[in-house]
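As structure tokens, the structure follows; a few thoughts come after it.
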Amino acid sequence: MEKKLYITTAIPYVNGAPHIGHAMDYLLADIWTRYQKQQGHEVRFQVGTDEHGNKIAAKAQEENLEPQAYADRNYKKFEEFIVKVNASYTDFIRTTDQHHVAAVQYIWHKLQPYIYKGVYQGWYCVGHEAFFTDKEVQEMGGVCPDHQKPFEQLSEENYYLKTSAFTDKIREAINTGAMEIVPEFRKNEFLELIKNGLQDVSISRPRKNLSWGVPVPGDPEQVMYVWLDALSNYITVLGYPDKEGWQEYWPADVQVIGKDILRFHAGIWPAMLLGLGLELPKRLLVHGHVIVGGTKMSKTIGNVIDPIEIIDEFGLDAFRYFFSRHIPTLDDGDFTWEKFEGAYNGELGNDLGNLVQRVASMITRYQAGVIGESEQTEHDMTLYHDAMEHLEFNKALDEVWNMVRSLNQYIENVKPWSVAKEVGKDSEAEQHLSEILAHCAGALLQIGDLLLPFLPTTAAAIHDIFETGVVKQPEGVLFPKKYLHTPDPNAPKTA
RNA sequence: CGCGGGGUGGAGCAGCCCGGUCAGCUCGUGUGGCUCAUAACCACAAGGUCGCAGGUUCAAAUCCUGCCCCCGCAACCA
């Protein structure tokens, strides 16, 4: 029996608002999902939220809420966001779900052979009641800016997961491609990182330092730290270990993550799976970050872009288009409003929208909307499918646009408007015209199919217009011009 | 000498693994064409010592050596 497909996304921390990075996760996973479904596969697509930890507890307290109440309210922002980008997910997991909590405790039990008690030592701030990394302490000059007190070395008891025991197996899985890290350079980056072996990871905190989390079974003094809790979601959401059916979906075919969390998903997570006797995910799709005008997005610089704003101004498909084509799937990409608006007006409006419009219009005008018959020459789409299989979605879209361009060129070459003038004079003209226009309509239907994973609304609109054999003229045009951030070249000159 | 990626016409990129057929694509600019279309579409043109300096070769953006510059990552960061 063919295994059913499964794709996952990283679960964001509910403290905070959805941002463009989350959108990339959902978008890439959704494109893959829609593509696979189009190929006839059954796909399960997980999303969710990470809801435990000190930051949640602190935020809740600020607002005089119980942590759970805070999480209950905040996770909705993410759910709404996921719906807003039209991600066709099948499962939404919250780490505070009853089943998840119980499953994580089961996982803890099962990992016992690889769990030991150790001492965590690090820089501690009494005011924060928390540890800071060497780097953080260095940046702050050794003194906590919030409490005006020097950090001190402190140690506490933690449970550790023996990830080091799995170094060889993980390395082998990566090298053989059993767990493929895409793109290749990320794989090399990670292998380099673990050349001296994986380090054991601390997986719990004393309760006094971490109140809001999954209790460690059998030790009331300890609470689970983020790793076991959050990473487990990828299997608990399927029903692991007690509900029927999870085996049909695990191992995941693709796990979508940002480059910032590769090490956890390629190190700790596989170690957990191996400890549980489960298979490793087949592929990790590591996408880059969106930068703005050549620099990292940051609140202090104030160059943060809001995905909601883009969607509200230009529509969802325009958003999906830009971020799937102009932000390379496997690398960092640059966003500016100029680029975005240029792509919107030029590529979506002029290339595609106008093409649909001119074809629909000619068929309506010359043939009362009736689409004739033509032998459809199937465009060779090997490059498109190759790109999709290799998770290079931006390249797949490049191929679609090559088709769009060719069709515009084709129309220019055969000049249907000239042929139309011959109808009535030349006996073959009518037939010829009909074939030309039918070819155009057919090509557009094919383009619509290829766009389906990326621009579901636009794909549906194109289908709507041409699929019945009679052109159904839409109310407005696809992607009308917008000049919200750049000057309108057609505006009367003021100077 | 920490690891990795990159420096190609005004902008953004491809080509480099497997040297010649490579200087290609998109945008921008200029000229022309067309009129079905969202003042759109199509064609042509201008513009590059392919980071710098050496080397290998009949031949190098492509291989080798050295140097300069930019950008990521650098392990408890959700």
Side-chain angles (χ1 to χ4, degrees), chain A residues 10-16 21-22 49-53 55-56 95 120 122 131-136 158 160 163 183-196 198-203 205 225-227 229-231 257-265 267-268 288-289 291 294-296 326 328 331-334 336 338-339 342-343 345-366 394-395 398 401-402 405 407-420 433 436-437 440 476-482 488-491:
Chain A
I11 53 173
Y13 205 44
V14 284
N15 155 38
H22 304 129
T49 45
D50 176 15
E51 307 188 353
H52 288 130
K55 281 185 188 161
I56 298 299
T95 55
Y120 180 83
F131 283 91
F132 289 78
T133 64
D134 287 352
K135 191 175 160 190
E136 285 172 326
N158 285 182
Y160 277 77
T163 44
E184 181 107 7
F185 73 87
R186 295 286 175 214
K187 167 182 130 182
N188 296 335
E189 216 170 85
F190 184 74
L191 285 173
E192 182 62 32
L193 186 72
I194 62 165
K195 69 177 170 195
N196 297 322
L198 285 161
Q199 248 180 40
D200 291 349
V201 58
S202 155
I203 52 169
R205 292 287 184 270
Y225 189 56
V226 60
W227 311 120
D229 180 11
L231 290 167
I257 55 176
K259 65 177 183 179
D260 50 320
I261 54 175
L262 169 62
R263 63 187 45 175
F264 313 125
H265 285 76
I268 300 172
H289 286 171
I291 57 178
T295 47
K296 283 196 217 185
H326 293 290
D331 210 342
D332 289 351
D334 196 42
T336 62
E338 289 71 25
K339 282 181 183 177
N345 286 322
E347 294 162 15
L348 288 174
N350 295 344
D351 293 345
L352 177 63
N354 179 58
L355 174 61
V356 169
Q357 186 68 15
R358 68 196 297 212
V359 171
S361 160
M362 283 191 280
I363 295 172
T364 303
R365 190 161 167 159
Y366 302 143
N394 55 314
K395 290 192 179 170
D398 286 345
W401 250 256
N402 281 339
R405 280 173 204 289
L407 190 54
N408 267 323
Q409 286 166 350
Y410 169 80
I411 292 172
E412 209 63 34
N413 286 338
V414 297
K415 299 184 182 22
W417 51 89
S418 298
V419 180
L433 179 63
I436 290 168
L437 294 177
C440 292
V477 298
L478 259 33
F479 307 111
K481 291 295 164 54
K482 292 189 184 190
D488 181 349
N490 300 312

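Note on naming: letters A, B, ... go to the chains in the order of the sequence lines (proteins, then strands), and numbering restarts at 1 for each one.
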Listed by chain and number, what are the side chain to side chain contact (heavy atoms under 4.5 Å, CB included) partners of D334(A), not counting sequence neighbours?
I291(A), T336(A), K339(A)
Nearest to the M362(A) side chain among C76(B), C36(B), A75(B), which nucleotide is it?
C36(B)
Distances under 3.5 Å between nitrogen or oxygen atoms of protein and nucleotides 10-17 of chain B:
none

Going 5' to 3' along nucleotides 22-30 of chain B, which nucleotides have protein heavy atoms under 4.0 Å from the base (write B), which only from the sugar-phosphate (write S), and which from neither (write -)?
----SS---
Any residue meeting ring-ring contact (aromatic ring centres under 6.0 Å, His included) with F264(A), in chain and number order, not counting sequence neighbours:
W227(A)
Just to be sure I understand: a Watson-Crick pair is purine N1 to pyrimidine N3 plus N6-O4 or O6-N4, both under 3.5 Å. Using that and G-U wobbles, which stems of three or more pairs involve RNA chain B?
B:2-7 with B:68-73, B:10-13 with B:24-27, B:29-33 with B:41-45, B:51-55 with B:63-67
With a cut-off of 3.5 Å and sequence neighbours excluded, list every side-chain donor-acceptor pair involving residues 186-194 of chain A.
from    : atom 1 : to      : atom 2 : distance (Å)
R186(A) : NH1    : E189(A) : OE1    : 3.3
R186(A) : NH1    : E189(A) : OE2    : 3.4
E192(A) : OE2    : K195(A) : NZ     : 2.7

Measure the distance from CD on Q409(A) to C1' on C36(B) and round it to the nearest whole Å.
17 Å
Side chain to side chain contact (heavy atoms under 4.5 Å, CB included) partners of A360(A), counting only residues at least two apart
I465(A), F466(A), V471(A), Q473(A)
Applying ring-ring contact (aromatic ring centres under 6.0 Å, His included), name anything that partners Y410(A), two or more places apart in sequence or on another chain.
H439(A)
Who passes ring-ring contact (aromatic ring centres under 6.0 Å, His included) against H289(A), sequence neighbours left out?
none
Whichever of P416(A) and V14(A) has its nearest RNA chain B nucleotide further upstream toward 5':
P416(A)
Side chain to side chain contact (heavy atoms under 4.5 Å, CB included) filter on D200(A), not counting sequence neighbours, yields Y116(A), Y160(A), K162(A), T163(A), S164(A)
Please enumerate all residues that pass ring-ring contact (aromatic ring centres under 6.0 Å, His included) together with W417(A), with sequence neighbours excluded.
none
Please list, chain by chain and in numerical order, all residues satisfying salt bridge (Lys or Arg N to Asp or Glu O under 4.0 Å) with D331(A), sequence neighbours excluded.
none
